[in-house]
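Below is one structure; the comments refer to it alone.
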Amino acid sequence: MRIKQRTVRSAVSAVAIAGIAALALAACTTSGNAPQSTAAQGGKVTVAVVNDFTSFNNQTPQANLDTNGQVGYLDGSYGTGFQYIDNNYKIVHDDKFGTFKKVSDNPMTVKYTLNKDDKWSDGQPVTADDMVLAWAIASGHYDDATIDPGTGKVTTGTQYFSIAASTAGIDATAYPTVGDNNTSITLVYSTPYVDWELVNPIAQPAHIVAKKAGLSSAADLTKLLKGLPKGDPAKPVAPNATLLKAAAFVNTGYDVTAFPTDKDLLVASGPFVVSSWTPGQSLTMVRNKYYAGGLKPNVDTIVFRFIGDANAQVTALQNGEVDIINPQASADTLNALKNTGATVLAGDQASYDHLDLTFSQSGVFSDKAVRQAFLKTIPRQQILDSIVTPVNPKAKVLNSQIFLPNQSEYAASVKGNGSSAYDKVDIAGAKALLAGKTPTVTLMYNTKNPNRVDEFQAIQASATQAGFKIVDAGSPDWSKKLGDGTYDAVLFGWISPGAGTSALPQIFGPVGSGGNYNNYGGTGKLAVSTQTMTNPSDVVKAENQIDKQTFTDAYGLPLFQLPGIFGVSTNVTGVKYMGNQNGPFWNFWEWSVKKATK
Amino acid sequence: MVSFILRRILVSILILIAASFLMYMLVAYSSDPLANLRSSSSPNKDRLIADLVSRLQLDVPPPLRWGLWLGGAAKCLIPFANSCDLGSTISNAQVTDILPQALLSTVQLVTLALILAIVFGIMIGIVTALRQYSGLDNTVTFISFFLYSLPAFLVAVLLKEFIAIGFNNFLRDPVVSWFWILLIGIVVGAIWQSLIGGEARRRLIVFAISGAGTAVLIWLMSATGWFEKPGIGPVGMVVLIAAIAIGATALMAGLQNRKALITAGINAVIAIASYFAMQPLFAISSIGTLIILGIVALIVGLVSGYLVGGYDRGQNLRVGAVTAVLSSALILVDRAMQAWPTYLGDVNNRPIATIGSSTPNLGGDVWVTGIDSFTHLALPTVALLLISFASYTRYSRAGLLEVMNQDYIRTARAKGLPERTVVIRHAFRNMLIPLTTLVAFDVGALLGGAIITERVFGIPGMGNLFSSALGPGDINPVMGYFLVIAAMAILFNFLADLAYASLDPRVRVR
């Protein structure tokens, strides 16, 4: 009897539970058709990159990072558009996107004309309004701020757009002339600008920036810009509230920590647009269906995967999770990569290590003979063999202060610049130059960088043989000490811009220039004069001259370029080595996938 | 008690403030966020340096800057005001935005590893203690110490090479060779005979049966293409669910306990019935559905245990719940296996991943994404598990051995209790007390992320946040990381003290 009752009770509770469960379940199911994974047509290429993405505008000081730049290269906000830089550091025009040419040398005048079919990824046309905005951002035309160099705070006036690049050169342009039915602008430079060919007046979409500034259209933004006077730090005026709003959006509005809910941030003019981003994991870019320029890609999708560890990149390639990797180059990584069966592309990076001597009156290197003697003891080949050759067996010692070996000007410049005097270690020659003196050389380098430590030890061993006394001034704070006169020679690295000459007046400019830490005055005037040259052959001539002068004056020695390696899956073709910050992405439109994968 | 808690909280806050000062000074004085810019050849280098100095207030001396940081961090204590300000990174991301993302990744990674480490560690500890100085004990001790001493990156590389790449290559042509079938059979046989123990004859029989059974099973799996289309199948499900019911009863109540056996039986029958009935529902399930089903299973287990009754209802409840939950888990595993071929197609037949925690743009239903999480987290979880479970085996082995030698165990045996009851009821519970401290410490420490494991497996967790921010001297994320870690360490130490007091009547907090 009791058992029966219990059974009934159980049955009742079972029914009750079932009922509640059914209700709850009904409220908590998805539709029957599971979404299918997207089918591939042109295929997908997955690229491993080291750092996460942080901003859709990579041209601000805080967002000027490698991955942001690569995404910008693909979405057209930086580095592509009217031109791009190829793997020989040549500027290549993309005439399908738009044409630009110098129409006059005096005053220097450059006209940019857009292709009429150019559209942003939201379907809006690319117009002169966009170019005017890009010009306003790049030129700093409206800024009238005076900035305290110590604290970086604006003391008077207004700084509108904050950009990572220098305004030098473009700041000499007046408000552009708009023409050809709002598809062209003409920039007139009051002083000629040598790197005019690198100026690309395409950045953020004007219609989006206008919207964020509270204006109804891109034309209104252009009208506003046209009406505002050129800023003058000597006579600051009250800031324009609308332009401030627009600038605030461009400066920080594109910085993100998660995939934006505001789709306006994704709008781009390039061949690809960002379609999803999982912070720390992956970022996906798909074709911009409105793109009408010349860099039409073969593949449909490019996925960035963020993998910081070089060995993890190699195993991910081996396991088919990524197709292209660009890990930090080391002999171990290269060996691991060779074992995977992937294609290995090795080459030189745009950054190079160099030895600079300090030219102060009282210093040990005020005497040219001592400088020459010291440089003769530098075992450049030995340094290269110990640091670079294990990764890139084809690497050669860098013999020019100006050019990189894959630039067409390199060979001729090396022939005439006198670098051959320092090809081999010449202890006897150094001793002869020293004539019995035993100068003490304080050599500074970065103790945190194992390459620099190796370089120091090699130089120390070699120079001591010639009678030099080398004082170890290695420091982890080396960068703070640059140019402070506490050392006689320094080992560090520059990143060559490849295309463009903006570094020339910095490094080889007159004493006191930003990058001239050596008190070197031998090439100052010439280096500054390059910035206003209009004829490319004059520029090359000046560069050759600077290159030669530095060797004649025993300024220092370039040592080697850092090696770089790409690993490419056999499933992807068209990838070529490139040494600058765009890495494997530089020719993304040439990539194709052999076997379409999901 | 209240005054103890208040005192602890007050002291904890002071410790936190002092430690944050120390940390801030160490980071601020040892790294230079401007180093990269200083050696730049950009024409506007000075402008860029000035910009960063002004954004990160680098012109303020570090002790004062710490004061500013502390002021922002203190706002986190205001409830619901959402005014927390932990500063921003060099690339202008708010630390309060990136910290939760990193914390979530870490929790996702370490939770399972921690639970498995505890479960396996204690289980193996018990087994080795009960078979003290046997071949099994010595072998397990050797292996666990060996794994304990391996560096994380090496474990990671080995796992990637052999489990991920090796298994994925194996899947191209999933036929197990005779050599491997025999080897696995022998190893499994050796493990079982050592576990069961007894005389040589009994061991030999156990070895032969378990070894041969395993070998035949693997041969069948290989021959029928099971690795491409895995599944348990109706017969397998019935057998396995029955095994769960009997196992749960045997372990928790003893098979002679009829009421427990009936409870387990009822749950097994319900589970088998729902296995067949629920398949259409599973096809349209979301994660919410599965959670509800899990809760329902738990309730069904408890209710059935309660209704069956008997002299020990509590025991029945446990047996019911364990049977129901484990059988449900088995049903889920079976259903997920059905989605395996679809998933294989999505990832080009290379399922086990070496990086990240999901396949980008995967799509698919809850089963496919579930498998995706599994294939991505499998390796890092195993890596963490292998390294961390050794300490649990040691502690639980030592703890159980100590308890088993106590007088009350002899008394329990003397009054005729079965060995199962002596071990599970009298020894096991007391052995767990010292382990609470260890678990509390580990939870606090694991939230700090596993710096190396996260880096080699590309998981953007707390450890990754810390290590990637420390390099360039990005102080605010480092401090955000520190805040979470320090608070967790203090909190879990505190909880361990409280738990100890409530578990062990000999300890009093005053």
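Bear in mind the structure is a predicted one, so any value in this text is a computation, not a measurement. Here is the naming used below: chain letters follow the sequence lines, and residue numbers restart at 1 for every chain.
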Q) So does B:Asn36 have more than 12 non-hydrogen atoms from other groups sitting under 6.0 Å from CG? A) no
Q. Where does A:Ser502 contact chain B at under 4.5 Å (heavy atoms): side chain, backbone, both or neither?
A. both
Q.
Which atoms of B:Leu52 are under 4.5 Å from chain A, going by heavy atoms: the side chain, the backbone, both sets, or neither?
A. neither
Q | Contact class of A:Ala165 relative to chain B, heavy atoms under 4.5 angstrom | A | backbone
Q: Establish, yes or no, whether the cationic atom of A:Lys481 lies under 6.0 Å from the six-membered ring centre of A:Tyr517 and within 45° of the ring axis.
A: no
Q | Top contributor to chain B interface from A:Gly320, A:Ala164, A:Ala168 [non-hydrogen pairs under 4.5 Å] | A | A:Ala164
Q) Step by step, would you call A:Thr252 with A:Gln62 a side chain to side chain contact (heavy atoms under 4.5 Å, CB included)? A) CA-CA 9 Å; A:Thr252 58; A:Gln62 75 273 15; 4.0 Å; yes
Q.
If we define contacts as heavy-atom pairs under 4.5 Å, which of B:Lys45, B:Arg455, B:Arg55 has the most with chain A?
A. B:Arg455
Q.
Let's test your reading of the structure: which of B:Gln57, B:Glu161, B:Lys160 forms the most heavy-atom pairs below 4.5 Å with chain A?
A. B:Lys160
Q. Which atoms of B:Ser30 come close to chain A, meaning under 4.5 Å heavy atom to heavy atom: side chain ones, backbone ones, both, or neither?
A. backbone
Q. Under a 4.5 Å heavy-atom cut-off, does chain B meet the side chain of A:Gln159, its backbone, both or neither?
A. side chain
Q | With A:Asn51, the side-chain hydrogen bond (donor to acceptor under 3.5 Å, both in side chains) member among A:Asn68, A:Thr67, A:Asp66 | A | A:Asp66
Q.
So for atom OH, which belongs to B:Tyr306, do other residues, nucleotides or ligands contribute more than 12 heavy atoms lying within a distance under 6.0 Å?
A. no
Q. Is it the backbone or the side chain of A:Ala503 that comes under 4.5 Å from a heavy atom of chain B, or both, or neither?
A. both
Q. Where does A:Ile163 contact chain B at under 4.5 Å (heavy atoms): side chain, backbone, both or neither?
A. backbone
(Q) Between B:Ser468, B:Gly458, B:Ser105, B:Ala353, who has the most heavy-atom pairs with chain A when the cutoff is under 4.5 Å? (A) B:Ala353
Q.
Between A:Asp255 and chain B, with a heavy-atom cut-off of 4.5 Å, which part of the residue counts as in contact: side chain, backbone, both or neither?
A. side chain
Q | Salt bridge present between A:Asp353 and A:Arg452 (N-O < 4.0 angstrom) | A | yes
Q | Interface moiety of A:Ile307 toward chain B, non-hydrogen atoms closer than 4.5 Å | A | side chain
(Q) Are B:Trp367 and B:Tyr343, when compared by the centres of their aromatic rings, separated by less than 6.0 Å? (A) no
Q. Are the ring centres of A:Trp478 and A:Tyr445 closer than 6.0 Å?
A. no
Q. Would you call A:Asp323 and A:Lys44 a salt bridge, taking side-chain N to carboxylate O under 4.0 Å as the test?
A. no
Q.
Report which part of B:Ile90 has an atom under 4.5 Å of a heavy atom belonging to chain A: side chain, backbone, both, or neither.
A. backbone
(Q) With a 4.5 angstrom heavy-atom cut-off, is it the side chain or the backbone of A:Gln318 that approaches chain B, or both, or neither? (A) both
Q) Tell me, side chain or backbone of B:Ser358 under 4.5 Å from chain A's heavy atoms, or both, or neither? A) both
Q: Heavy-atom distances under 4.5 Å only: say whether A:Ser479 touches chain B with side chain, backbone, both or neither.
A: both
Q: Side chain from CB out, backbone as N, CA, C, O: work out which of these in A:Thr278 comes under 4.5 Å of a heavy atom of chain B, or both, or neither.
A: neither
Q. More than 12 foreign heavy atoms under 6.0 Å from CD1 of A:Ile495: is that the case here?
A. no
Q) By a 4.5 Å heavy-atom criterion (distance strictly below it), what part of A:Lys480 contacts chain B: side chain, backbone, both, or neither? A) both
**Q.** Winner by heavy-atom pair count (cut-off under 4.5 Å) against chain B, out of A:Pro279, A:Gly483, A:Ser496
**A.** A:Pro279
Q.
Testing B:Asn169, B:Leu171, B:Leu344 one by one against B:Arg350 for a side chain to side chain contact (heavy atoms under 4.5 Å, CB included), which residue passes?
A. B:Asn169
Q) Does a donor on one side chain and an acceptor on the other come within less than 3.5 Å for B:Thr106 and B:Glu454? A) yes
